Amino acid sequence: MYQKLSLYINGQFLSGEGRKSEEVINPATLEVLGHLPHATEADLEMALQSAQTAFTSWKKSSPMDRSAILRKVGQLTRDRAQEIARNMTQDQGKPLAEALGELISCSDHCDWHAEECRRIYGRVILPRSPDVRQFVLREPIGVCVAFTPWNFPYNQAIRKICAAIGAGCTIVLKGPEDSPSAVMAIAQMFHDAGLPPGVLNIVWGEPAKVSDYLIRSPISRKVSFTGSVPVGKQLAALAGAHMKRVTMELGGHSPVLVFDDADVERAATMLAKFKIRNAGQVCVSPTRFYVQKKAYDKFLAKFIDVLKNIKVGNGLDEGVEMGPLAHARRVPAISRFVEDARQRGATVVMGGDPIEGKGFFFPPTVITGLKDDAMLMCEEPFGPIAPVVPFDDIDEVLRRANSLPFGLSSYVFTNSLQTATKVSNGLEAGMVNINHFGSALPETPFGGIKDSGIGSEGGAETFDGYLVTKFVTHI
Ligand code: NAD
């Protein structure tokens with residue numbers, strides 16, 4: 001049984017009643033899983049109004065009460081993980097084990113926010129006169145509107161929801177129409193955990209229409225978006241025109257730097273497996289592989305060897321390590337990168353063409369012989385496709401790694417402390433992973449710089465985007 005789909009507004013699950021709806025498709029089988037109702041303008045207005053009404057009391061709620069609800073949702077996530085993961089695999093495509101992993105890590109996100117929301121501190125500033133008291137208070141910003149993508153449907157939504165609710169804000173969230181079951185499950189869990197009506201509202205629809213309505217409304221005070229750079233820039237511009245705070249978690253084009261002195265086979269094995277995670281549809285996926293000249297052949301051979309043995313298929317099937325691309329639009333999008341590479345005379349070492357038959361399957365693909373101005377080296381691929389190119393020295397590779405407008409994640413393999421220090425100082429990225437992959441834990445900040453975004457989610461920073469600063473002085 002697939003998840004029942006509806007809107008969730010003011011504590012009510014709403015569907016039907018003449019609303020437009022869209023089909024939700026399984027990307028592995030093309031089966032229609034369900035019908036997702038679109039919010040009308042009246043629904044969007046009702047969601048905003050109910051969030052505004054709920055804010056008047058939620059902002060005064062005890063952090064202990066907020067914490068208890070977040071903790072309860074963390075526990076429900078663990079309890080319901082099997083069912084939610086199955087639905088997520090069906091509408092998003094990722095292998096069941098990955099979907100389960102996402103849920104378990106998300107229960108940790110709930111716990112982290114449950115703990116941290118009890119530690120939102122202000123401060124006392126020493127006065128110039130002994131009769132004066134000066135305080136800095138941090139208060140919830142108000143009604144938040146959020147837009148989350150289809151690649152980690154549970155993770156992306158729960159991080160924004162926990163941060164908003166934990167800070168004392170209320171939220172209207174538009175989830176991903178391609179893969180909606182996880183966000184529906186979240187709504188059900190907060191409902192079951194006793195969240196007051198209106199604190200969390202879930203809507204669906206045409207993304208541009210919904211975001212335009214919610215951001216322009218005088219009710220919303222903060223905009224949070226995870227998705228592509230072009231859409232993020234549009235939404236940030238609209239938010240700016242209405243003087244609204246933004247958190248933007250946007251795309252990247254994460255460079256990988258493998259130095260001669262690294263454990264090259266270990267690096268190639270780890271990177272190959274990391275590359276095909278969620279079929280490469282990960283904003284922090286490694287996407288530009290720079291390998292130092294002496295290590296190049298050994299790296300490439302091992303990298304290909306691991307990728308050739310990856311089992312691609314329906315994520316519900318036993319042993320499958322990589323599922324289909326999440327929706328139909330992704331197949332031509334990935335093919336364009338291969339086409340551009342072929343036209344430039346690069347070598348498609350493996351993969352390169354969609355897998356024939358049912359479903360949006362694309363094989364792991366490796367391309368060599370690319371110049372730095374090739375499309376695959378400059379635009380975020382968001383798929384299971386990897387360009388591998390050689391480099392000579394550290395200054396050159398840092399210059400090439402930093403040459404794009406993105407700055408999300410980066411990966412370095414070296415056994416030299418000196419090199420590790422120099423690259424961690426020199427890389428223009430929000431996250432630098434050296435000799436392992438350690439980003440995206442609840443207790444660590446996650447976010448990009450340059451075109452990759454504004455603000456962080458997770459870590460002690462997680463509530464910053466949801467709080468305003470108020471200075472109080474009295475005598
Ligand atoms: P897309 O740009 O059409 O959509 C990306 C996401 O933004 C989707 O969830 C979509 O619903 C949403 N969106 C699009 N227009 C919007 C609008 N005007 N208002 C609010 N939300 C809007 O592309 P796509 O084919 O669905 O995804 C491919 C691209 O999206 C990738 O190349 C990648 O850069 C980006 N993406 C990034 C992340 C991430 O975690 N940063 C996640 C998913 C997709």
Side-chain angles (χ1 to χ4, degrees), residues 22 24-25 27 36 38-39 44 91-94 102 145-160 172-180 182-183 202-216 220 223-239 246-254 277-285 287 325-337 360 362 375-376 378-385 404-409 430-431 439-440 446-458:
E22 70 179 284
V24 177
I25 310 277
L36 185 68
H38 282 197
L44 297 177
D91 65 20
Q92 200 275 340
K94 65 180 65 180
E102 179 174 341
V145 295
F147 309 92
T148 57
W150 44 263
N151 59 340
F152 289 92
Y154 200 96
N155 178 293
Q156 308 280 15
I158 200 81
R159 287 208 247 181
K160 296 186 194 311
V172 180
L173 182 137
K174 187 196 80 61
E177 287 75 16
D178 295 300
S179 318
V183 169
I202 304 293
V203 295
W204 311 99
E206 261 178 63
K209 279 194 185 157
V210 176
S211 58
D212 195 69
Y213 192 91
L214 296 180
I215 296 172
R216 281 180 196 278
S220 60
V223 178
S224 184
F225 173 74
T226 300
S228 64
V229 173
V231 175
K233 285 184 174 175
Q234 275 174 35
L235 301 191
L238 185 58
V246 296
T247 299
M248 291 281 149
E249 296 287 356
L250 308 180
H253 202 335
S254 305
R277 182 169 165 240
N278 205 359
Q281 303 166 120
V282 184
C283 54
V284 294
S285 185
T287 42
L325 302 179
H327 51 66
R329 307 186 296 282
R330 297 310 307 152
V331 180
I334 299 300
S335 297
R336 276 180 55 236
F337 287 98
F360 308 131
F362 205 97
M375 189 178 151
L376 183 55
C378 301
E379 291 177 31
E380 182 182 32
F382 225 66
I385 174 168
L404 298 186
F406 310 106
L408 191 55
S409 196
M431 292 164 281
S439 307
F446 184 98
I449 59 170
K450 296 163 78 178
D451 276 7
S452 293
I454 299 173
S456 291
E457 293 182 334

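In this text, all values refer to a predicted model and were calculated from it rather than measured experimentally. Start at 1 and go down the list; that is how both ligands and their atoms are numbered. Residues take their numbers from the sequence shown, with the count starting at 1.
- Taking the ring centre of Phe446 as origin, the terminal cationic atom of Arg159 falls inside the region bounded by 6.0 Å and 45° from the ring axis.
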Pairs under 3.5 Å, nitrogen or oxygen of ligand 1 with protein nitrogen or oxygen:
| residue | atom | partner | partner atom | Å |
| --- | --- | --- | --- | --- |
| ligand 1 | 2 (O) | Ser228 | OG | 3.1 |
| ligand 1 | 19 (N) | Pro207 | O | 3.4 |
| ligand 1 | 19 (N) | Ser211 | OG | 2.8 |
| ligand 1 | 26 (O) | Trp150 | NE1 | 2.9 |
| ligand 1 | 26 (O) | His327 | NE2 | 3.4 |
| ligand 1 | 26 (O) | Arg329 | NH2 | 2.9 |
| ligand 1 | 34 (O) | Glu380 | OE1 | 2.4 |
| ligand 1 | 40 (O) | Asn151 | ND2 | 3.4 |
| ligand 1 | 40 (O) | Gln156 | NE2 | 3.4 |
| ligand 1 | 41 (N) | Gly227 | O | 3.4 |

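- Lys94 forms a cation-pi arrangement with Phe152, by the criterion of a distance under 6.0 Å to the ring centre and an angle within 45° of the ring axis.
- Using a 30° and 60° split on the angle between ring planes, Trp150 and His327 fall in the perpendicular class, above 60°.
- No hydrogens or angles considered: nothing links the side chains of His38 and Glu206 as a donor-acceptor pair under 3.5 Å.
- In this structure, the side chain to side chain contact (heavy atoms under 4.5 Å, CB included) partners of Ile25, at least two apart in sequence or on a different chain, are Glu23, Leu30, Val32.
- Across Cys283, Ser439, Ser409, a single residue satisfies side-chain contact (heavy atoms from CB on, under 4.5 Å) together with Ser254, and that is Ser409.
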